[in-house]
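In what follows, a structure is listed as structure tokens, so that the remarks can point back to it.
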Amino acid sequence: MCADAVQPHRIIRPDKDHFLSEENPFEAMMSRFDFAAEKLNLDPGLYKILRHPEKQVTVSIPVLLDSGEVEVYTGHRVLYNTSRGPAKGGIRFDLAVTLEEVTALAAWMTWKCAVVNIPFGGAKGGVVCDPSVMSPGEIERLTRRYTSGIIETLGPDSDVPAPDVNTNERVMAWIMDTYSMAKRHTVTAVVTGKPISMGGSLGRKEATGRGCMFVTREALKRLDMPIERARIAVQGFGNVGSIAATLLQEQGARIVAVSDKSGGIYNEAGLDVQDVKNWVLEKRLLAGYPDGEAITNAELLTLPCEVLLPAALENVITSKNAPDIQARIVCEGANGPTTAKADAILEEKGVFVVPDILANAGGVTVSYFEWVQDRGGYFWDEETVNSRLERIMVQSFEEVANMAARHGVTNRIGAYMLAIERVAEVHRLRGMYA
Ligand code: NAD
């Protein structure tokens, strides 16, 4: 877009109420978007378009509870941008869901899909509810009625949900079934993250952690640091953290620390990740694991190591602890683990950050593979899935790092620039429908 930018360039900022607190990860994301847009000298008209969601749908969801009472829940589905293809993004069931948050997450998905150059736009959905106090039957009825409420947006060519906070492959199966009943035929490609037996993809479960492994490996290579000598600390030992730790250890790295919500463990000589996994499988939490020293989550972040892989929560690397971070590389498995203030400190320290919209994009990439397989009715073996994922992650890493180097910006801003440029380019080519 740079070549066609309208002069004089002027970014029009949305009114102040759009801004949430400085540490809000979504606003931090949009402030990075603004900065990248300025760097790209983005056309002000396109800036305005990309700063607004395409479509926001809010529905009331009446559900017959097991008690015989009726409760009415509120659900949202936001399609942020579909210029590059069908909207893609998860659905969460959580009391903290708001339209603002869902919109910001949908924007996030737009940039994430564009960074890895898969032909999807960005979406997100959510229902304000507490599934921990609902029975499976109530959750199923909620899911089906919500699906029915947003059915006009859904479809393999328009909007493809996936699991997110408190939703899983069971919920995806209900969405797929509800949609298919309305269409009078089975439509597997309307959701991803489905059970394998009904059109899910091999390798999907491991994809985000595997993607983290690929980009960590590439970052080490780029900095001329042999993986065999890399000490890695991983925060979060769930889907992303435990898979990334396992695969990085397989690559020869030393996993010196891992943590979960019960705290962390540190072993300078390197942990046996499989043994830790077995412990967690049995005891559910890391606490008490014998073969290491107990540490706090805060201590884990500032350990002496080559790579820090936050894979739990947002906002864990802040202006308070960023000065003490010793890692040379931070690979963001979690969404939004680094605040904007901490970004500046890490940049000054010369820490090489692999930003979330690249580092954890392995999941959405294999969701894309799932959609492709469903549409083709032809399923790939796991090796094919993994090698295609590797190709996309390695290439995206190169593109982000090169963009950052070319413009003298951080990898995060480089990733946003790459994403915005890709989305903006399609808008420019498609023109404006009036
Ligand atoms: P998960 O629920 O499987 O695991 C989360 C882990 O974080 C658990 O080990 C939990 O104990 C730990 N944790 C929770 N609270 C903590 C705390 N206060 N301090 C330290 N650890 C804590 O979740 P996941 O799927 O591994 O996702 C982790 C992060 O990665 C999230 O930010 C998620 O949005 C992001 N992400 C996940 C995927 C995916 O495909 N699973 C894709 C993209 C991004």
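Indexing begins at 1, ligand by ligand and atom by atom, following the structure's order.
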For side-chain hydrogen bond (donor to acceptor under 3.5 Å, both in side chains), just list the numbers for Thr410 and Glu347, CA-CA rounded to whole Å, side-chain angles, deciding distance to a tenth of an Å, and then say yes or no. CA-CA 7 Å; Thr410 62; Glu347 185 181 6; 5.5 Å; no
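Between Phe369 and Trp380, the ring-plane angle classifies as tilted under the 30° and 60° cut-offs. Between Tyr47 and Phe33, the angle of the ring planes stays under 30°, which puts this pair in the parallel group of the 30/60° scheme.
At a threshold of 4.0 Å, the pair Lys194-Glu370 counts as salt-bridged, since one of the basic side-chain nitrogens sits closer than that to a carboxylate oxygen. Between Lys221 and Glu218 there is a salt bridge, since at least one side-chain N of the basic residue sits less than 4.0 Å from a carboxylate O of the acidic one.
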Using atom types as modelled, flag every donor-acceptor pair under 3.5 Å from a side chain in residues 169-177 to any protein atom, sequence neighbours excluded.
| residue | atom | partner | partner atom | Å |
| --- | --- | --- | --- | --- |
| Asp177 | OD2 | Arg144 | NH1 | 2.8 |
| Asp177 | OD2 | Arg144 | NH2 | 3.2 |

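Within 4.0 Å of ligand 1, heavy atoms belong to protein residues Arg204, Thr208, Gly236, Phe237, Gly238, Asn239, Val240, Asp260, Lys261, Asn297, Ala311, Ala312, Leu313, Gly333, Ala334, Asn335, Asn360.
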